[in-house]
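Positions are given from 1 along the sequence. Values reported hereafter were calculated over all heavy atoms of this structure, with side chains retained and with hydrogens, waters and symmetry mates removed. Note that the structure is predicted; figures quoted are calculated from it, not measured.
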Amino acid sequence: MIYKSEDAEKRSAFAVADKMVAAAKTAPKGCGEDKVVSLILDGNDKDILCAHMRDIAKETGADFFNRDANNVDNSHCIVMIGVINDPLGLDNCGMCGFENCGEMAKAGANCAFNVTDLGIAVGSAVSIAADNRIDNRVLFSAGQAALRMGCFPSKVRVCFGIPLSTSSKSIYFDRDPDNVMV
């Protein structure tokens, strides 16, 4: 059977996306409690995410949301990784800037352990993409749009998107210098 190269590239990107989700799942977690949630968007779901990104750009004037939406449009898929905000219940931690988990929860802040777990999971996921030579970039903007879109359970308040591309030149780093970089 003969495959067109773009079909093989797309299949490769999705295979790597699956491995990225597995890497996020198996990344080390604080106290061994898994609160990381991952999913892969493509097709219509990816289009809806981009529409939300563009809406945020209009509402806030943050043009990088438009730039990033264009990148996601030109990607095969996007891996979304978030974390459930569920403090560990420590009395004397203070890593979040509050005296304890109860004070943190009252203030509506995020548990430092949960956010750290998210960072480790994202790092594990992007290392898989890099090991497989799939272009990617971690996008705050896609995470914000995913939260607005309702992709995650309501207790997920922090997430990031990682779009994947197999173009001959990275679309995520060779971008318009006139746009704000985040």
Side-chain angles (χ1 to χ4, degrees), residues 10-56 62 64-65 67-88 95-96 108-166 170-173 175 181-182:
K10 187 174 183 177
R11 281 194 319 276
S12 294
F14 279 91
V16 168
D18 286 337
K19 290 178 184 179
M20 291 169 69
V21 168
K25 180 76 172 169
T26 61
K29 314 289 189 308
C31 295
E33 294 182 29
D34 185 12
K35 297 172 184 168
V36 172
V37 181
S38 304
L39 51 102
I40 301 167
L41 300 178
D42 70 338
N44 190 53
D45 292 326
K46 185 172 66 96
D47 294 342
I48 294 169
L49 179 78
C50 290
H52 281 286
M53 292 170 77
R54 290 184 175 97
D55 288 344
I56 293 170
F64 69 88
F65 276 86
R67 179 202 59 208
D68 292 353
N70 291 337
N71 283 154
V72 174
D73 277 336
N74 292 311
S75 302
H76 298 294
C77 60
I78 184 166
V79 176
M80 304 300 307
I81 304 175
V83 68
I84 294 169
N85 190 47
D86 186 17
L88 298 181
M95 293 285 290
C96 62
N110 294 307
C111 174
F113 279 97
N114 298 161
V115 175
T116 300
D117 289 348
L118 174 61
I120 294 167
V122 168
S124 291
V126 298
S127 72
I128 294 297
D131 288 348
N132 286 275
R133 307 305 178 256
I134 303 291
D135 291 337
N136 67 92
R137 185 167 182 141
V138 178
L139 298 178
F140 154 85
S141 55
Q144 289 298 299
L147 291 175
R148 178 181 284 204
M149 192 174 155
C151 289
F152 290 101
S154 62
K155 289 188 90 178
V156 171
R157 301 185 337 195
V158 182
C159 64
F160 296 95
I162 309 164
L164 304 178
S165 171
T166 56
S170 177
I171 63 174
Y172 310 118
F173 289 93
R175 306 191 303 178
M181 297 298 286
V182 170

Evaluate E33 against L88 for side chain to side chain contact (heavy atoms under 4.5 Å, CB included), listing each step before the verdict.
CA-CA 9 Å; E33 294 182 29; L88 298 181; 4.2 Å; yes

Quick one: CG on L147 to CD1 on I56, what's the gap to the nearest 0.5 Å?
8.5 Å

Is there a donor-acceptor pair under 3.5 Å between the side chain of K35 and the backbone N or O of D86?
yes

Are the side chains of P163 and L139 in contact, using a 4.5 Å heavy-atom criterion?
yes

Starting at OG of S154, measure out to CD1 of I84 and round the result to the nearest 0.5 Å.
9.0 Å

Run the side chain to side chain contact (heavy atoms under 4.5 Å, CB included) check on I81 and I162 step by step: do they pass?
CA-CA 8 Å; I81 304 175; I162 309 164; 3.9 Å; yes

Looking at every heavy atom in both F140 and F160, which two are closest together, and how far apart are they?
CA-CD2, 3.8 Å

What's the separation between atom CG in L39 and atom SG in C151, rounded to the nearest 0.5 Å?
5.5 Å

So if I apply the side-chain contact (heavy atoms from CB on, under 4.5 Å) rule between L49 and each of N44, I78, D42, which one comes out positive?
I78

Closest heavy-atom pair, A146 versus C159, reported as atoms and distance to 0.1 Å, is CB-SG, 4.3 Å

Locate the shortest heavy-atom distance separating N132 from V16; write the atom from each residue and the value.
CB-CG2, 3.5 Å

Is it the case that atom CZ in F113 sees more than 12 heavy atoms from other parts of the structure closer than 6.0 Å?
no

For R157 and N110, which I'm curious about, is there any donor-acceptor pair between the side chains at under 3.5 Å?
yes

Stepwise side chain to side chain contact (heavy atoms under 4.5 Å, CB included) test for H52 and I48:
CA-CA 6 Å; H52 281 286; I48 294 169; 3.6 Å; yes

Looking at N85 and A109, would you say the former's side chain and the latter's main chain have a donor-acceptor pair under 3.5 Å?
yes

Closest non-hydrogen atom pair, F173 against N136
CE1-O, 3.6 Å

Distance check, rounded to the nearest 0.5 Å: S38 atom OG versus K25 atom NZ?
8.5 Å

Audit row: R148, D55, side chain to side chain contact (heavy atoms under 4.5 Å, CB included) steps and yes/no:
CA-CA 10 Å; R148 178 181 284 204; D55 288 344; 3.9 Å; yes

Is there side-chain contact between M95 and T116, with heavy atoms separated by less than 4.5 Å?
no

Mind checking the CG-CE spacing from D45 to M80? Nearest 0.5 Å is all I need.
11.5 Å

Side-chain (D117) to main-chain (G30) donor-acceptor, under 3.5 angstrom
yes

Tell me whether K46 contacts the main-chain N or O of S75 through its side chain, where contact means a donor paired with an acceptor under 3.5 Å.
yes

Taking every non-hydrogen atom, the tightest pair across S170 and D135
CA-OD2, 3.3 Å

Could you give the distance from CZ (F64) to OG (S141), rounded to the nearest 0.5 Å?
6.0 Å

If I compare all heavy atoms of M53 with all of F65, which pair ends up nearest, and what's the gap?
O-CB, 3.3 Å

Salt-bridge criterion met for D73 and R54 (N-O under 4.0 Å):
yes

Check whether any side-chain N or O of Y172 sits under 3.5 Å from a backbone N or O of V72 as a donor-acceptor pair, and report yes or no.
no

